[in-house]
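Report on one structure; see the data block that follows.
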Amino acid sequence: MAGFYAQIARYYDAEHRDKSDDLAFYERLIAAQGPGPLLEIGCGSGRVLFHLAQQLTVVEGVDSEEAMLARARRRLAHSPAELQGRIRLHHADVLQLEPGRRFRYLLLSYNCLMHFHSQDSQLALLRRLREWLLPEGLLVIDLPNAGEAFASEDNEALTLERCFHDPETGHLIMQQASSRLDRATQLMHTTWVYDEIDGDGAVRRTLAPVVFRHFFLSELRLLLQLCGFRVEACYGGYGQEPFEDGCERLIVQACPA
């Protein structure tokens, strides 16, 4: 995981600049549930973290990739003093982290859990998170709907995902991907291809391979149950749509059992 995000860190913020549907989901959740300290696992450059720090007074994030956290630190340095006082960043493996407090909200935001491939690592993570959650707390897990991936054609074709401009350089970035799903292990092997085109038309290509683990709702329920959680709600999208066949996301809210 670290190698992948080190390669794409310079593109990540521009690539996700327009993504805000999950931010609105978390805003509504916190407004309904009330304030409290929050920890985001895999916070990266802080897209979710900085937004929620406007709503909460104690917001922490942990990430194992220094290249992503460096971007978050630069952003923090240019933030208002009030915001700086609310945010704490940890450069660590979450399985080794000792945060020193318990949390009202724990977020495995946008696809984070997919980086934990083995059942042992999944259980180790969830057990640690259970220790860090306050009795009235919530764990939120945001994943793609695995059913859609398993139903799609698997031909490893190189597909254009999006085009965007890097605000730091002005260069056009063409993002493409080639994927292969191992349905027995539920592992998606993807190679992201970033073609960066400068003002003279020269192309710089970055290849970033990564492996994602897909999860089905039934196995996620069992994993959470084994680690002392109870599924409180399950949605198929950020608008809190029902989780059903054909939905885009699998968003689970879990509380202490």
Side-chain angles (χ1 to χ4, degrees), residues 1-27 40-54 61 63-79 83 87 89 107-115 142-145 148-149 152-153 155-181 188-212 214 237-239 247-249 251:
M1 180 168 64
F4 170 70
Y5 284 105
Q7 288 179 289
I8 72 162
R10 64 184 183 276
Y11 300 127
Y12 188 88
D13 291 328
E15 177 187 341
H16 294 88
R17 181 170 45 192
D18 297 328
K19 182 168 179 57
S20 60
D21 45 3
D22 57 343
L23 304 182
F25 170 82
Y26 291 125
E27 279 183 13
E40 182 188 7
I41 294 86
C43 65
S45 58
R47 181 183 66 87
V48 174
L49 202 68
F50 280 77
H51 185 83
L52 297 182
Q54 300 174 57
D63 204 292
S64 61
E65 180 45 63
E66 173 58 30
M68 294 292 282
L69 280 179
R71 300 184 70 87
R73 292 193 198 98
R74 287 197 294 272
R75 183 174 179 177
L76 187 61
H78 291 90
S79 297
L83 203 65
I87 296 175
L89 300 170
L107 305 186
L108 285 165
S109 54
Y110 195 52
N111 303 341
C112 176
L113 187 59
M114 300 182 80
H115 293 293
D142 177 15
L143 295 165
N145 177 10
E148 293 303 288
S152 62
E153 184 180 358
N155 56 16
E156 298 186 60
L158 188 63
T159 303
L160 178 65
E161 297 288 326
R162 62 179 62 85
C163 294
F164 57 92
H165 284 89
D166 182 347
E168 296 179 9
T169 63
H171 295 169
L172 175 66
I173 313 296
M174 298 178 63
Q175 182 194 18
Q176 305 169 83
S178 174
S179 296
R180 174 180 59 84
L181 176 61
M188 176 78 82
H189 300 260
T190 299
T191 299
W192 294 100
V193 180
Y194 294 84
D195 285 337
E196 181 175 353
I197 306 170
D198 67 19
D200 297 323
V203 179
R204 174 188 178 185
R205 171 165 284 189
T206 298
L207 300 178
V210 65
V211 179
F212 295 113
H214 276 286
Y238 299 117
C247 64
E248 181 179 353
R249 306 298 297 174
I251 304 170

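Everything numeric in this text was worked out from a predicted model, so none of it was measured. In this chain, numbering begins with 1 at the start of the sequence shown.
- Ring to ring, Phe164 and His16 are not that close: their centroids are 6.0 angstrom or more apart.
- Geometrically, Arg249 does not engage Tyr238 in a cation-pi contact, judged by NZ or CZ lying under 6.0 Å from the ring centre and within 45° of the ring axis.
- Residues Arg10 and Thr169 bring no donor and acceptor atom of their side chains to less than 3.5 Å of each other.
- When every heavy atom of Asn145 is checked against every heavy atom of Cys247, the shortest pair comes out as ND2-O, 2.9 Å.
- Annotation: Glu248, atom CD; neighbour count of heavy atoms from other residues, nucleotides and ligands within 6.0 Å does not exceed 12.
- Expressed to the nearest 0.5 Å, how far CG of Leu143 lies from CG of Asn111 amounts to 6.5 Å.
- The two atoms that bring Gly46 and Ala72 nearest to each other are N-CB, 4.4 Å, heavy atoms only.
- Residue pairs satisfying the salt bridge (Lys or Arg N to Asp or Glu O under 4.0 Å) criterion with at least one member in residues 194-203, sequence neighbours excluded, are listed as follows: Asp195-Arg205.
- Partners of Ala149 under the side-chain contact (heavy atoms from CB on, under 4.5 Å) rule, at least two apart in sequence or in another chain, are Met188, His214.
- A search for side-chain contact (heavy atoms from CB on, under 4.5 Å) contacts involving Ser178 returns Glu156, Leu158, not counting sequence neighbours.
- Taking SG of Cys112 as the reference point, atom CD1 of Ile41 lies at 6.5 Å (rounded to 0.5 Å).
- Counting only heavy atoms from C-beta outward, the side chains of Leu89 and Leu49 approach each other to under 4.5 Å.
- Judged by distance alone, the side chain of Arg17 and the main-chain N or O of Tyr12 form no donor-acceptor pair under 3.5 Å.
- Here Leu107 contributes atom CG and Leu52 contributes atom CG; the two are 6.5 Å apart, rounded to the nearest 0.5 Å.
- Side chains of Ser45 and Asp13: a donor on one and an acceptor on the other come within 3.5 Å.
- With Asp63 contributing its side chain and Leu69 its backbone, the two residues share no donor-acceptor pair below 3.5 Å.
- Listed by first and then second residue, the salt bridge (Lys or Arg N to Asp or Glu O under 4.0 Å) pairs involving residues 159-179 are Glu15-Arg162, Arg71-Glu168 (not counting sequence neighbours).
- Under the 30°/60° scheme for interplanar angles, the aromatic rings of Tyr11 and Tyr194 are found to lie parallel.
- Here Leu23 contributes atom CG and Gln54 contributes atom CD; the two are 9.5 Å apart, rounded to the nearest 0.5 Å.
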> Between Lys19 and Asp21, does a side chain to side chain contact (heavy atoms under 4.5 Å, CB included) hold up when you go through it step by step?
Replying inline: CA-CA 6 Å; Lys19 182 168 179 57; Asp21 45 3; 2.8 Å; yes
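- Remark: Leu160 pairs with Cys163, Met174, Gln176 by the side-chain contact (heavy atoms from CB on, under 4.5 Å) rule, at least two apart or across chains.
- Nearest heavy-atom pair across Ala208 and Gln7 is CA-OE1, 3.6 Å.
- Taking CD1 of Ile87 as the reference point, atom CZ of Arg73 lies at 13.0 Å (rounded to 0.5 Å).
- His51 places no side-chain N or O within donor-acceptor distance of the main-chain N or O of Arg47, the cut-off being under 3.5 Å.
- The shortest side-chain heavy-atom distance between Pro209 and Phe4 does not fall under the 4.5 Å cut-off.
- With sequence neighbours excluded, the residues satisfying side-chain contact (heavy atoms from CB on, under 4.5 Å) with His189 are Arg180, Leu187, Val211.
- One distance of note links CD1 of Ile8 with CD of Glu65; it measures 9.5 Å at 0.5 Å rounding.
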> Could you go step by step and tell me if Ser109 and Tyr26 meet the side chain to side chain contact (heavy atoms under 4.5 Å, CB included) rule?
Replying inline: CA-CA 10 Å; Ser109 54; Tyr26 291 125; 3.5 Å; yes
>> Apply side chain to side chain contact (heavy atoms under 4.5 Å, CB included) to residues Leu76 and Leu83 and explain how you reach the verdict.
In response: CA-CA 8 Å; Leu76 187 61; Leu83 203 65; 5.6 Å; no
